[in-house]
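Reminder, nothing fancy here: chain letters follow the sequence lines and each chain counts from 1.
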2 protein chains.
Amino acid sequence: MTPVAGRGAGAAPRSVDVARLAGVSQKTVSRVMNDEPYVSEDVRRRVLAAAEELGYRSNNAARALASGRTRSIGVVTLGTALYGPASLLMGIERAVRDTGYALRVVNTMEGESAGIAGAVDSLLDQGVDGIVISEPIDEAGGAVLSARLDVPVLVLGAPPPFAAPHVVTAGIVSHQMARAATEHLLELGHTTVHHLAGPQRWYSARDRLEGWSAALAAHGRAEPAVVQGDWSAASGYAGGRELVADPEVTAVFAANDDMAIGLMRALAEAGRRVPEDVSVVGFDDTPVAAYVTPPLTTVRQPFDAMAQDGLKLLVHAIENPQSEPLPMADPPVELIVRASTAAPR
Amino acid sequence: MTPVAGRGAGAAPRSVDVARLAGVSQKTVSRVMNDEPYVSEDVRRRVLAAAEELGYRSNNAARALASGRTRSIGVVTLGTALYGPASLLMGIERAVRDTGYALRVVNTMEGESAGIAGAVDSLLDQGVDGIVISEPIDEAGGAVLSARLDVPVLVLGAPPPFAAPHVVTAGIVSHQMARAATEHLLELGHTTVHHLAGPQRWYSARDRLEGWSAALAAHGRAEPAVVQGDWSAASGYAGGRELVADPEVTAVFAANDDMAIGLMRALAEAGRRVPEDVSVVGFDDTPVAAYVTPPLTTVRQPFDAMAQDGLKLLVHAIENPQSEPLPMADPPVELIVRASTAAPR
DNA sequence: CGCAGTCATGACAGCGCAGTCATACACCGG
DNA sequence: CCGGTGTATGACTGCGCTGTCATGACTGCG
């Protein structure tokens, strides 16, 4: 009935089973599976054939227990489907997979009790070799990570080294991109540029605000009051209602495309034309940005490249403990100019 | 210097260390950590205190090895930041976390060699107790899953039971939602409704097409030729260019909001007004749908509820092997009517 | 008072791998 | 022909936990 002897037929084959079939020791099977040196071609082939025949799959838990490494990386994300964070997460997944690690994901909702520290803790409980914190925000009480953090951490999106005890690698900044967007408007001839900002608890929102501010300062322009949004189109619309009250406003840099779209709706309802009366720049180059009315000038972030670069650092830190962190190149800025920006009239 | 004796001070504490400190056996520590019965309150407190003091974290690999269960669930997603799939993924993460499992994620890019089967395989390699396939698409060669599949699988978005050997639970359908969207247009008085479809390799795209078709059939209307898109606003725009050529078109149901936005842009460029000349309905209720011009009538999917319901089934299948699959209620349809739809003139 | 039944705990084995060390053989140069 | 060096393999052990079974202590009841 059952071809397998001993332990129930349904039981998954182990390396000893493969070893028996191939006529070698269990250790040799382990060698073959891990591509270790000092295995003859003949034996390697026999082992692989035996493994194939039995449908052998090495047991990860056992490997992790014996080797002390889980070969997995955990990522902490803000549980939102916003285009930026979602794109970055996809990029991280790809990058993690490329490095041969597995990916574990934990979200942290804004307002959730445990916050980022709780999410990190849960990853540590699960056992990961490294952690990525994507799009961090300020938590109540500051960015205090777990005190028992004993794996490298990569923070994507935090400008200065994130406050953390163990190994920490800082990530990308959208500062320059925001600056480029603002300068585009200034160069078109606008006297100044207003800013529709993201929630300031987000590092990326602060980054963009600083980039905007730096551009104005570099050109010696006055810095108008910032209008606060929360990334949503709804908040962009609300911010837009404020801005339309001021006839001096001729150019607005929104911290993301969704808010820019809400803003443009508020402008349209107020009878202000884009770009004739007001120029608008967004951020992210969401898939719809090119197709709204008018098509939106925006900034594209190289999510995949950022994730790949960051992961390279993280994996380096994992596999070469106490070595110098690698330097990280700044990603390229890409400003996409469309019809929503023009010279002031 | 180092408070910890024996093994290097940096080594993570094990349950025996906790046991020693609490003056109990290692097994009792295990009992406390797993909330097993037959532990006195006094001992429980002492163990917890000792664990706290040492910063004890139970080793997952060892637990998985000893118990044969990993307490983790894997999810296969299409690596896209599209609003629907991304929202569903976030919902899945929340739902998985609520059940006490950990989440492992593998993407499968369209056109990637291994495809869904490869992703499932890699999850099985990692060791998961259950698998969620989110937003499945047809692969070359059909939906053939791994032959060595030995854990329950939940397929979110496949109408009929997905072709799989082991335990399989079918998920949600957007059929009725598509039908509701189409009927909304018919009830406004449109003679017929055109459809801007998603890529037909996606089950959800086929579902929506079928819902549209069913609505037309139920009202005895002719079924116009379907225009094919790929979910992107760009493809919606391209499809729109086709549709504007036909003056008979007065109502279009797009399979997602992005395509609807592209379509509206094409209509605008052709001088066709929305909704006066053409009514448009989207699908998803993306965050910007309410703020484009005109605000888009659309259908909202209860991603969180779908993920939660589905996970309930999956966890049930994991924890009660060979029991009947639980029945699954259909999620509520929510049609959001905005300014992009009106009666024909 | 004695025995069965509960409750609380510990001893011990073993999950399936990878690390360490020992061993066996082949080959090299002096 | 012998010791040294490199290659190929296996025996054995242990990673840190859970499962099983044994053992005591403490009930309750006839």
Side-chain angles (χ1 to χ4, degrees), chain A residues 4 6-8 10-48 50-51 54-72 124-127 129 150, chain B residues 4 6-8 10-48 50-51 54-72 124-127 129 150:
Chain A
V4 177
R7 340 179 315 129
R14 302 150 301 171
S15 54
V16 281
D17 300 323
V18 175
R20 206 134 41 206
L21 183 58
V24 299
S25 76
Q26 177 267 320
K27 175 68 216 192
T28 296
V29 173
S30 167
R31 284 201 181 91
V32 172
M33 292 305 161
N34 294 296
D35 277 320
E36 285 175 33
Y38 304 142
V39 179
S40 68
E41 253 323 296
D42 174 52
V43 166
R44 183 181 303 277
R45 264 195 303 273
R46 261 166 41 221
V47 167
L48 289 176
L54 297 178
Y56 173 69
R57 221 185 260 291
S58 96
N59 180 315
N60 231 293
R63 166 194 302 199
L65 181 57
S67 70
R69 302 197 345 155
T70 63
R71 295 161 166 278
S72 70
L124 292 175
D125 275 351
Q126 292 174 38
D129 293 344
D150 53 357
Chain B
V4 178
R7 339 177 315 129
R14 303 152 302 169
S15 53
V16 282
D17 300 323
V18 176
R20 207 135 40 207
L21 183 59
V24 298
S25 76
Q26 180 267 327
K27 174 70 216 193
T28 296
V29 173
S30 166
R31 285 201 180 90
V32 171
M33 291 306 161
N34 294 295
D35 276 321
E36 285 175 32
Y38 304 140
V39 179
S40 68
E41 254 322 296
D42 173 53
V43 165
R44 182 181 305 276
R45 264 195 303 273
R46 264 169 35 225
V47 167
L48 290 176
L54 296 179
Y56 172 70
R57 224 183 258 291
S58 95
N59 179 316
N60 232 296
R63 166 193 299 197
L65 180 57
S67 70
R69 302 198 346 156
T70 62
R71 293 162 167 277
S72 69
L124 292 175
D125 275 350
Q126 292 175 38
D129 293 343
D150 54 357

Closest to the [X] side chain: [options]?
| X | options | result |
| --- | --- | --- |
| A:Val43 | C:dG19, D:dT9, C:dA8 | D:dT9 |
| A:Tyr56 | C:dG19, C:dC17, D:dC17 | C:dC17 |
| B:Ser40 | D:dG16, C:dA18, C:dT9 | C:dT9 |
| A:Tyr38 | C:dG19, D:dT7, D:dC17 | D:dT7 |
| A:Ala66 | D:dC15, C:dG14, C:dC7 | D:dC15 |
| B:Arg14 | C:dA18, C:dG10, D:dC17 | D:dC17 |

- request: Both distances under 3.5 Å, Watson-Crick or G-U wobble: report the partner of D:dG28, or none.
  value: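 Base partner found: C:dC3.
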Whole Å only: how far is the [atom1] atom of [X] from the [atom2] atom of [N]?
| X | N | atom1 | atom2 | result |
| --- | --- | --- | --- | --- |
| A:Arg20 | D:dT9 | CZ | P | 19 Å |
| A:Asn59 | D:dC15 | CG | P | 18 Å |
| A:Met33 | C:dA18 | CE | P | 9 Å |
| B:Leu65 | D:dG16 | CG | P | 12 Å |
| B:Lys27 | C:dA13 | NZ | P | 15 Å |
| B:Glu41 | C:dT9 | CD | P | 10 Å |
| B:Asn34 | D:dG19 | CG | C1' | 11 Å |
| A:Arg69 | D:dG16 | CZ | P | 16 Å |

**Prompt:** Do other residues, nucleotides or ligands put more than 12 heavy atoms under 6.0 Å from the CZ atom of B:Arg44?
**Reply:**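 Correct, the count exceeds 12.
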Taking only the side-chain nitrogens and oxygens of A:Ser15, find out if one of them lies under 4.0 Å from OP1 or OP2 of C:dG16.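 Checking C:dG16 against A:Ser15, no side-chain N or O comes under 4.0 Å of OP1 or OP2.
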message = Can you tell me which residue among B:Val24, B:Asp42, B:Val39 is in a side chain to side chain contact (heavy atoms under 4.5 Å, CB included) with B:Val47?
response =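 It is B:Val24; the other options fail the test.
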Any donor-acceptor pair under 3.5 Å from A:Asp129 side chain to A:Thr70 backbone |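 Yes, A:Asp129 side chain to A:Thr70 backbone: donor-acceptor pair under 3.5 Å.
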*Check if the side chain of B:Gln26 and the base of C:dA11 share a donor-acceptor pair of N or O atoms closer than 3.5 Å.*
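Absent.
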task = Please evaluate the base of D:dG10 for a donor-acceptor partner in the side chain of A:Arg31 within a cut-off of under 3.5 Å?
result =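 Answer is yes: a donor-acceptor pair is held.
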Quick one: CG on A:Asn34 to CZ on A:Arg63, what's the gap to the nearest 0.5 Å?
->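 The distance works out to 5.5 Å.
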_Exercise: identify the closest heavy-atom pair between B:Leu65 and A:Ala61_ =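 Heavy atoms of B:Leu65 and A:Ala61 come nearest at N-CB, 3.7 Å.
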- Task: Starting from the 5' end of DNA chain C, give me the residue, B:Val24 or A:Ser30, whose nearest nucleotide shows up first.
- Result: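 Closest to the 5' end, via its nearest nucleotide, is B:Val24.
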